[in-house]
Amino acid sequence: MRKNIRIKHALLGLILAGASTVAVADADLEAKGKALYLNKKKGNCIACHMINDPDAKLAGLQGPPIVAMQARFPDKKQLRAQIWDATVKNPKTIMPPFGRHWILSEDEIDAVVAYIYKF
Amino acid sequence: MKIITSLLAGASLALVASMSSAASTGNTLATVDPEADRLALQAFFQKRFPQVELDDYANGIYALDAASRAQWEEMEEFPPYEFDIEAGEEMFNTPFANGKSYADCFENGGMGIRQNFPYWSDEQDRVVTLELAINQCREANGEKKLKAKKGAIAQISAYMASTSAGNIIDVKIPNDKAKAAYLDGKAQFYSRRGQLNMSCANCHVQGVNIPIRADRTSATLGHVTHFPVFRSKWGELGTLHRRFGGCQNNVRGTPLKAQGKEYSNLEFFMTYMSNGLEVNGPGSRK
Amino acid sequence: MKKYLPLVAALVLSSGSVAAASFEDAFNAERALHGKGHTFTFEGKEYTTDHPEELEAAAEATEANAKALIASAKAKHKEVKAVGYDWTLTKGILKSANKALKAGKFQEAMNLAAQAKYHARMGIRQAQRSAEDWVIMVPGS
């Protein structure tokens, strides 16, 4: 019985450790995405998209604000595709095709998606 | 929340504005109609900003953005380009080594003629801008060409513009070859370029007066009236083609040659769009 | 909150999916959704979402291969400059590729050359696309 409990504890520990590793990885990805969002030479999303993050001051308004992302993009991959090339859905858009023109790498696009999907 | 609501309202207004229609004209030599293009573009802006008088477009973003207008008017009280006009006047009046001067190359001695540039030249088979004509004048008189983007050429151009203040821009398209140059300029204006994949129209038609960070983009109507321009960002005077290069660089496209045919055609199109507005160069901008 | 819900709804509704017609569209649509290293079928044949340039950079990381890829990237760069659609960063990426080559970092050199070559190819493509559809940017069209 005592052995069982110990095993259970060990298992619980493993699960928790696993979950927290995932959480740390997520947080890292989101932090990377945020840095790209703000960096003028990288994503520079802040130039056009307002976002409810205290570090994102004086955002531009050329594009829609980053709000209700999960409602607007129930499939996260569709959000990814929108960043990759916004001209597919709107041929006149001012938004640069971050993927098609390799402005950001694929990993960088994933990071931006991870960051803005929370809003 | 209030902020978000108003921001969303702003974004939806922008959507509506970009959908509002103005008559479109052709993309072939047979169908393109410069005068219809000009009227359609004016109508587009007047519908978008009904409170702005047409003439005021010569004042660029300050016609649309009241917040920055006061600051700009203050700057214009002690114009940063005054020295440049004086320097330009002195150079304009200094004879070349052969005894002739700029006045000999231009109609009316070069005074009050800014509104007729650029013009189509059959002999040269190209659009001739004022800066190109200044350099051609020098070369015809055995002088070296000036650099095309800043310095002396901008100062001489500024002086010539200042003698034309208030004159109405009146660019003409006399024949099909001129029309082809106009069409090329129009195509350039609306073509996406650079890694950021933007056309001039993305910022200066569609996105006019909508903030990019803290900056607002100006309407293309009236763009050419105040050149050459003293830009605070440059801390000096520059020509229109210098500005074209800066814009192209901003969208991560390698700039084309100043006074080359491409930029000259673009200037031809843009100036035709501003026909009817007053010359008010040189001007100052942020 | 309630006030802006209809606007959000409008934004949600405006995001529909688009059917791919050409291989280019199909490739881009798959890459856009999944990034690289994903496989998809187009007209019965299987493809990966890697760019041709990335596949070239996946060759063995040797000095000879790095040199060859840099050379072909430079040739493409020359092509895009000739049509006037060169992008500003490409030159610097090629420089970095050369630097990596000299430092014996062949894989890095190949990756950079692949990106530069892709940029050059996309610039040429941009020239074609602009020629075809610039008129949609005219207000009212």
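The shown structure was predicted, so the numbers you read here are calculated from the model rather than taken from an experiment. Keep in mind that the numbers below use all heavy atoms, side chains included, and drop hydrogens, waters and symmetry copies. Residue numbering restarts at 1 for every chain, and letters A, B, ... go by the order of the sequence lines.
Atoms CD1 and CD1, on A:Ile94 and B:Ile212 in that order, are 5.0 Å from each other to the nearest 0.5 Å. For the atom pair OG1 (A:Thr93) and CG (B:Asn202), the distance works out to 7.5 Å, reported to the nearest 0.5 Å. Distance check, rounded to the nearest 0.5 Å: CZ of A:Phe98 to CG of B:Leu196 gives 7.0 Å.
More than 12 heavy atoms of other residues, nucleotides or ligands shown are found within 6.0 angstrom of CD on B:Glu73. Atom NZ of A:Lys118 has more than 12 neighbouring heavy atoms from other residues, nucleotides or ligands inside a 6.0 Å radius. Annotation for B:Glu53: atom CD does not count as buried by contact number, only 12 or fewer foreign heavy atoms lying within 6.0 Å. Atom NZ of B:Lys149 has 12 or fewer heavy atoms from other residues, nucleotides or ligands within 6.0 Å.
Side-chain contact between B:Arg192 and A:Thr87: present, with at least one pair of heavy atoms (C-beta onward) separated by less than 4.5 Å.
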Exercise for the section: Step by step, work out the side chain to side chain contact (heavy atoms under 4.5 Å, CB included) result for B:Asn197 and A:Met95. Expected result: CA-CA 8 Å; B:Asn197 205 40; A:Met95 179 157 160; over 6 Å; no
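With hydrogens and angles disregarded, no donor-acceptor distance shorter than 3.5 Å links the side chain of A:Gln62 to the backbone of B:Arg213.
There is no contact between B:Ser199 and chain A, counting heavy-atom distances below 4.5 Å. Contact of A:Ala59 with chain B is made through the backbone alone, with heavy-atom distances under 4.5 Å. Interface remark: B:Arg216 contributes no atoms to any contact with chain A (heavy atom separation under 4.5 Å).
Across all their heavy atoms, A:Lys42 and B:Arg252 have their closest contact at O-NH2, 4.5 Å.
Ranked by non-hydrogen atom pairs under 4.5 Å with chain A, the options B:Ala201, B:Gly207, B:Gly194 are led by B:Gly207.
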